[in-house]
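What follows is one structure encoded as structure tokens, with my remarks underneath.
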Amino acid sequence: MTDWIAEEKKYYMQTRRQPIVIVRGLGAKVWDEHGKEYLDFTAGWAVNNIGHCHPAVVKAVQEQVATLTQTSNQFFTVPQLKLAKLLVESSGMGKVFFCNSGAEANEGAIKLARKYGKLHKSGAYEVIAADNSFHGRTLTTVAATGNVHYQEPFTPMPDGFKHVPFGDIEAIKLATTPKTVAVLLEPVQGEGGVNVPPPDYLRQVRQWCTERGLLLILDEVQTGMGRLGTLFGFQRYQADPDVITLAKGLGGGVPVGAFLAKDSCAVLVPGEHGSTFGGNPLVCAAALASTEWLIDHKIWENARKMGERLMRGLNDLYKSFPKEIKEVRGVGLLQGVETREDVAGAVITACNAEGLLLNPARPNVVRFMPPLTITEQDVDEALVRLSRACAKVFSVKA
Ligand SMILES: *Cc1c(COP(=O)(O)O)cnc(C)c1O
């Protein structure tokens, strides 16, 4: 049998992986090369919102790949325009542009904001973003990301970003200058450790942006497509953004990103932005099938219900281990358990052994982001596996 982990060391530029070779997925489960089954509470990094290999997505991809895969944006294609209509109408935005990833979606949104600044705000170009945010790995989105750890190896950073504490409206007000053109935030911070702002925060930011003529850009790459218990995260917070960015859960598993803007700020004109693969018919057929299914089944309602169930279970876990667990937090099916020490890695390794996949958002935060189609039974089973894993890790420590 091939040793895939050795092959990886030899051939792949080193990132960081769990030593598991996943060969198959269905719904909320995946199987490794030895046939071991796991409950997947990473969901391809908050991507497989309607589960692995959902039949609606499989069918759409199979049909589309045999019909038309790629044309470039020099031409119209029907799957792209159907998806455009569905996203624009369900978000209340005006126009959409498709790309291939979350970073690229944010790059597009930042370019749009700069163009808007040139047209309407005397060349203002600065974007206020939050500490502990995550907006991507390209140079500009790393500069937007509020975490020096991701920036240091690659300085100098592109100019034009200011960072303020997340959840603090006064900090945004203080950071605003005549050079400011936009505020860029995640409705709930995902990679930063599942950080939930005060309930009023986004509404207050919206109000400030309106007063000062700033664009409110919400990075919904992780929170969009039902994860917070509403189709888009902003719908939970009455924050009516000017621009939103999407990726992760949009494509039902295939790589597709998008940014959407209100007509009042959809200022890009022909020649200013583009993408060779962006929104090609194959990925748009997948995204259309996934998004239609998700909307038809109001999957955010299940996300809300299962989120409450998961949170009850995590709070029970907290009661069992009050000395080891500091806090349980999250919204919908984006949740985190913060431990008092940096043991997220150890908890996750123990969970892997029990047949549960999770992600360490921080060294001290275990993140839960299962498919939104998850059942009560699978939530309960995941909690059983998690508490067995915690018992092992915490008893070794004690
Ligand atoms: C993952 C993520 C990104 C980056 O998306 P990629 O597809 O990895 O480029 C940007 N913003 C948020 C909030 C994310 O969670």
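Remember, it's 1-based here, ligands and their atoms both numbered in the order they're listed.
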Using a 4.0 Å cut-off to any heavy atom of [X], which atoms of ligand 1 qualify?
{"X": "Q222", "value": "15 (O)"}
{"X": "S101", "value": "7 (O), 9 (O)"}
{"X": "K248", "value": "1 (C), 2 (C), 3 (C), 14 (C), 15 (O)"}
{"X": "E191", "value": "15 (O)"}
{"X": "N106", "value": "10 (C), 11 (N)"}

Can an N or O of [X] be found at a distance shorter than 3.5 Å from an N or O of ligand 1?
{"X": "E186", "answer": "no"}
{"X": "A103", "answer": "yes"}
{"X": "A247", "answer": "no"}

Among all the protein's heavy atoms, is there at least one whose distance to atom 9 (O) of ligand 1 comes out below 4.0 Å?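 Within 4.0 Å of atom 9 (O) of ligand 1, protein heavy atoms are found.
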
At a non-hydrogen distance cut-off of under 4.0 Å, which region of E104 contacts ligand 1 (side chain, backbone, both, or neither)?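 Within the 4.0 Å criterion, E104 makes no contact with ligand 1.
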
Using a 4.0 Å heavy-atom threshold (strictly under), name the region of F134 that reaches ligand 1: side chain, backbone, both or neither.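 Near ligand 1, F134 shows its backbone as well as its side chain.
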
For the side chain to side chain contact (heavy atoms under 4.5 Å, CB included) test, which of T141, L112, L139, T245 pairs with E107?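 Among T141, L112, L139, T245, the one meeting side chain to side chain contact (heavy atoms under 4.5 Å, CB included) with E107 is T141.
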
Test V96 against every option in L86, V88, L246 by the side chain to side chain contact (heavy atoms under 4.5 Å, CB included) rule and name the one that passes.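 Only one of L86, V88, L246 forms a side chain to side chain contact (heavy atoms under 4.5 Å, CB included) with V96, namely V88.
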
As a check for students: among T245, V188, D219, identify the option with a heavy atom nearest to atom 11 (N) of ligand 1.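 Shortest heavy-atom distance from atom 11 (N) of ligand 1: D219.
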
Ignoring hydrogens, just give me the one of G233, G102, G224 whose non-hydrogen atom is nearest atom 6 (P) of ligand 1.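 Going through G233, G102, G224 one by one, G102 has the nearest heavy atom to atom 6 (P) of ligand 1.
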
Testing E191, Q189, R227 for side-chain hydrogen bond (donor to acceptor under 3.5 Å, both in side chains) with Q222, which one passes?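 Among E191, Q189, R227, the one that satisfies the side-chain hydrogen bond (donor to acceptor under 3.5 Å, both in side chains) with Q222 is E191.
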
If we check side-chain hydrogen bond (donor to acceptor under 3.5 Å, both in side chains) with Q80, which of these qualifies: T71, N73, N280?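 Of all the options given, the one that passes is N73.
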
Centre-to-centre under 6.0 Å for Y201 and F166, is that the case here?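 Yes: the rings meet the under 6.0 Å criterion.
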
H135 ring center within less than 6.0 Å of F161 ring center: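 They do not qualify: ring centres at least 6.0 Å apart.
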
Cation-pi between R137 and Y150: NZ/CZ under 6.0 Å from ring centre and within 45° of the ring axis?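 The answer is yes, since R137 meets both limits relative to Y150.
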
Is the closest basic N to carboxylate O distance between E354 and K392 below 4.0 Å?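 So E354 pairs with K392 through a salt bridge.
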
Atom CD of E211 with >12 non-hydrogen neighbours under 6.0 angstrom: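 Result for CD/E211: enclosed.
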
